[in-house]
Amino acid sequence: MASGEGAGDPQATAASGEAEAKMETEEQEGPVLCLDLTSYQLHDLSEVEIPPTLEEVDLTANRLTSVDPRIGRLAGLRKLSFRQNLLDDAAVAPLSSWDAIAGLQELVLRDNKLTGIPDASIFKGILIFDVSFNEISSLTGLSKVSSTLKELYVSKNEVAKMEELEHFHALEILELGSNRLRVMENLETLTNLQELWLGRNRIRTVNLCGLKLIKKISLQSNRLTSMDGFQECIALEELYLSHNGIQKMEGLSTLQNLRVLDVSSNKLTTIENVETLTRLEDLWLNDNQIPSLDGIEAALAGSREKLTTIYLERNPCAKTPNYSSTLKQIFPNLEQIDSDIIA
């Protein structure tokens, strides 16, 4: 134990005391199932009781540099979170050898000091795996993660290639935003994917490999110059493409379920190819180069009754006389124009 911690540290003593008091209260009502030590700033768990009946352990926002071996004996453990701690690769390595916790379904290692994908092969029924906000440079190791996985989060790392994803047939959410990706690839077999988050990368071309069930896609802050590539994503409901270099609205006519479209901060000069979108509710076109409101009624004819939010600020057309009243007249159910809520 480091100097200034444990029994000699008033903060640590108080934290462990509160935790014990909390657990004692719960024990009077039955076995303790959840241990929540969020934001206790603990350096270790030496003075914290860890009941064998625990099913959930949340250690978010502490100062842990190692994993207490007692956690490895919790046979009923289903959820384990070490979010926002100081764990490195060596610190989490023991998890892969603790057979008792093989039934774990949710493992959160977000915001630590990992440089690689931890070995999670022991967890045969894992559903959620989160290693975002670390220093991971490669997805090597994901091939060992069970194909039962439904949610994978690896955002804010240094990953340069989409790989070892092919076996995740049950995956529903894939988050790889804020990495160093240049190419969308190896998605063909993710046939149940419903959400794909790839914002803040270096992607130039859309390649979705015919993901027909996907409902949400984010490619914000990439290097796209074209919207082409979404045509087969017929279940798509939300599409986020802001902060790219897109010059033309295209490839959207088949997206009959689209409700939210964000193409703000691009290089658009015309609203087009969205006439058939009858379910569109939110349209973000701010920070483009659209010159006037002429033709906007025809361009958005299909969603005239559905549209509730439209952003056009910082386009030349936003300086049109009677700008807001014109939009209200065209779209009778608008509730918001730019940042203004309509009473």
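Numbers here are sequence positions counted from 1.
- In summary, the side chains of Glu164 and Ser143 do present a donor paired with an acceptor at a separation below 3.5 Å, with no hydrogens or angles considered.
- Counting heavy atoms from C-beta on, the side chains of Pro332 and Glu305 come closer than 4.5 Å.
- Counting all heavy atoms, side chain and backbone alike, Leu307 lies closest to Asp282 at CD1-N, 4.3 Å.
- In terms of modelled atom types and a separation under 3.5 Å, the side chain of Asn201 and the main chain of Asn179 share a donor-acceptor contact.
- A side-chain donor-acceptor contact under 3.5 Å links Asn315 to the backbone of Ile290.
- Judged by distance alone, the side chains of Ser46 and Asp44 do bring a donor and an acceptor atom under 3.5 Å apart.
- Between Leu241 and Phe230 there is a side-chain heavy-atom pair separated by less than 4.5 Å.
- Taking CG of Leu261 as the reference point, atom CE of Met227 lies at 5.5 Å (rounded to 0.5 Å).
- Counting only heavy atoms from C-beta outward, the side chains of Leu45 and Leu37 approach each other to under 4.5 Å.
- A donor-acceptor pair is defined here as one N or O able to donate and one able to accept, closer than 3.5 Å; no such pair exists between the side chain of Asn266 and the backbone of Gln247.
- The OG1 atom of Thr309 lies 9.5 Å from the CG atom of Leu283; values are rounded to the nearest 0.5 Å.
- Rounding to the nearest 0.5 Å places CG of Leu198 at 8.5 Å from CD1 of Ile217.
- The two residues Asp338 and Glu313 have their closest heavy-atom pair at OD1-N, 3.0 Å.
- Judged by distance alone, with hydrogens and angles left aside, the side-chain atoms of Asn186 form no donor-acceptor pair with the main-chain N or O of Leu165 at under 3.5 Å.
- Judged purely by atom type and a 3.5 angstrom limit, Thr254 uses its side chain to pair as donor or acceptor with the backbone of Gln231.
- Remark: side-chain polar atoms of His167 are paired, donor with acceptor, to backbone N or O of Val145 under 3.5 angstrom.
- Side-chain contact check for Lys156 versus Arg200: every heavy-atom pair is 4.5 Å or farther apart.
- Of the possible donor and acceptor atoms, one in the side chain of Thr53 sits under 3.5 Å from a partner among the backbone N and O of Val32.
- Follow the hydrophobic side-chain contacts under 4.5 Å out from Leu74 and you reach Trp98 in the same cluster.
- Under the 4.5 Å side-chain criterion, counting only non-hydrogen atoms from C-beta, Ile101 is in contact with Phe123.
- Between the CG atom in Asn244 and the OG atom in Ser221 there is a gap of 7.0 Å [rounded to 0.5 Å].
- For the side-chain contact (heavy atoms from CB on, under 4.5 Å) test with Arg259, the passing option among Lys306, Glu281, Lys215 is Glu281; the others fail.
- Two residues are said to be in side-chain contact when any heavy atoms from C-beta on lie closer than 4.5 Å; Glu335 and Ile342 fail this criterion.
- Checking Gln84 against Thr60 by side-chain atom types alone, no donor-acceptor pair falls below 3.5 Å.
- Ion pairing between Asp111 and Arg83 fails under the 4.0 Å rule for side-chain N and carboxylate O.
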Original post:
Yes or no on side-chain contact (heavy atoms from CB on, under 4.5 Å) for Phe82 and Ile71, after CA distance, side-chain angles and deciding distance?
Top reply: CA-CA 12 Å; Phe82 284 103; Ile71 290 175; 3.8 Å; yes
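- The pair Glu135-Lys113 does not count as a salt bridge, with every side-chain nitrogen at least 4.0 angstrom from each carboxylate oxygen.
- Put simply, the side chain of Pro118 does not reach to within 4.5 Å of the side chain of Leu95, judged on heavy atoms.
- If you run side-chain contact (heavy atoms from CB on, under 4.5 Å) between Ser253 and each of Asn273, Leu277, Val274, Thr276, only Thr276 comes through.
- Clustering ILVMFWY residues whenever any of their side-chain heavy atoms sit less than 4.5 angstrom apart, transitively, puts Leu252 in the very cluster that holds Ile271.
- Atom CG of Leu196 sits about 10.0 Å away from atom CG of Leu236, to the nearest 0.5 Å.
- Salt-bridge annotation for Lys212 and Glu232: present, with a side-chain N of the basic residue lying under 4.0 Å from a carboxylate O of the acidic one.
- Distance alone, capped at 3.5 Å, is enough to place a donor-acceptor pair between the Asp119 side chain and the Ser121 backbone.
- Checking Asp89, Asp88, Asn157 one by one against Thr115, the side chain to side chain donor-acceptor pair (under 3.5 Å) holds for a single residue, Asp89.
- No donor-acceptor pair closer than 3.5 Å links the side chain of Asp130 to the backbone N or O of Leu109.
- More than 12 heavy atoms of other residues, nucleotides or ligands sit less than 6.0 Å from atom CZ of Arg314.
- Under a 3.5 Å cut-off, the side chain of Ser264 and the backbone N or O of Asn286 do not form any donor-acceptor pair.
- Residues Leu152 and Phe168 approach most closely at CD2-CE1, 4.2 Å, considering heavy atoms.
- Residues Val206 and Asp228 fail the side-chain proximity criterion, which asks for heavy atoms closer than 4.5 Å.
- The other residues sharing a hydrophobic cluster with Ile173 are Leu127, Ile128, Tyr153, Trp197, Tyr240, Val260, where clustering joins ILVMFWY side chains under 4.5 Å apart.
- Taking OG1 of Thr269 as the start and CE of Met249 as the end, the distance is 11.0 Å to the nearest 0.5 Å.
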